[in-house]
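Quick notes on the structure that follows.
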Amino acid sequence: MRLLIGSLYTFLLAAVIGLGSTWVALTRNTGFGTLKIGAWMARPKTGTSDVDPYSRATITRNGELPVGTGDGITFIASTDDKGRTLDGRCDVLVSGTTPPARFWTMTLYDTQGQLVANTLQRYGFTSQEIVRGSAGNFEVRIASRARTGNWLPTGGIDKYLLVMRLYDTPVGVATRGQRDAPMPQIATTGCP
């Protein structure tokens, strides 16, 4: 009897730990081989056959079509560089440069993976349309009210994700940090 109760307890404990870690991995956007540069996170192996099981489950759960490793890489930011959640009621400044890429896009999504609704139907920028400084750097202001220059409206939502896709880029599995892939900085500049 004692052996049966001990076995059931062990099985129950293993199930709770296993299911709990899987739930955390799927809902908190964590996984094996995650590349983190500042506030930006990417999973370079997502578009390959070597994708880890947690990333594969996240892709299946979200129904997303990942960028193939030969085509590029997707970076996602849910916080600014100081760890503050991206809030649509605050002013956020994305500035700097991007890693070398033939083409890139920067898009705002809500936490459900849908484009951020706004009356202007402006959802992002591409590398071809963004206004740059003389040194090749850029600034994108993300706010609920209109701003000068490169501006993305948030519609005043509570939380959003900033997604940057780099196409035809050397950034990937061998990338280790900011020196290899200079990602733009994200700073919250003001909140009402």
Partners of Asn150 by side chain to side chain donor-acceptor pair (under 3.5 Å), sequence neighbours excluded?
none
Pro184 side chain reached by Glu139 side chain, heavy atoms, under 4.5 Å:
no
OG1-CD distance between Thr105 and Gln128, expressed to the nearest 0.5 angstrom
11.0 Å
Any Asp91 side-chain heavy atom under 4.5 Å of Cys191 side chain
no
If we only count heavy atoms from C-beta on, is the Leu86 to Lys159 side-chain gap below 4.5 Å?
no
Is the backbone of Val116 close enough, under 3.5 Å, to the side chain of Asn118 for a donor and an acceptor to pair up by distance?
yes
Is the backbone of Gly88 close enough, under 3.5 Å, to the side chain of Thr154 for a donor and an acceptor to pair up by distance?
yes
Would you indicate whether the side-chain heavy atoms of Ile17 and Leu13 approach each other to under 4.5 Å?
yes
Just verifying a value: how many Å separate Tyr123 OH and Gln121 CD, rounded to the nearest 0.5 Å?
4.5 Å
Mind checking what makes side-chain contact (heavy atoms from CB on, under 4.5 Å) contact with Arg145, not counting sequence neighbours?
Arg147
Same cluster (ILVMFWY, side-chain, under 4.5 Å), Leu152 and Ile130:
yes
Any donor-acceptor N/O pair, Arg132 side chain to Thr97 backbone, under 3.5 Å:
no
If I take atom CZ from residue Arg102 and atom OG1 from residue Thr169, how far apart are they, to the nearest 0.5 angstrom?
11.0 Å
Parallel, tilted or perpendicular: which one describes the rings of Phe75 and Trp40, with boundaries at 30° and 60°?
perpendicular
Less than 4.5 Å apart, any side-chain heavy atom of Arg165 and any of Phe103?
no
Would you say the side chain of Thr111 lies within less than 4.5 Å of the side chain of Tyr160, judging by non-hydrogen atoms?
no
Salt bridge (Lys or Arg N to Asp or Glu O under 4.0 Å) assessment of Asp158 paired with Arg89:
CA-CA 7 Å; Asp158 290 343; Arg89 299 165 295 191; 3.5 Å; yes
Atom CD1 in Ile5, atom CG in Leu3: separation rounded to 0.5 Å?
10.0 Å
Do Leu4 and Tyr9 touch side chain to side chain, with heavy atoms closer than 4.5 Å?
no
For Phe125, enumerate each residue passing the ring pair (Phe, Tyr, Trp, His ring centres under 6.0 Å) test, keeping only those at least two apart in sequence or located in another chain.
none
Could you tell me if the side chain of Leu162 sits less than 4.5 Å from the side chain of Ile142, heavy atoms only?
yes
Side chains of Asp80 and Thr188: donor-acceptor distance under 3.5 Å anywhere?
yes
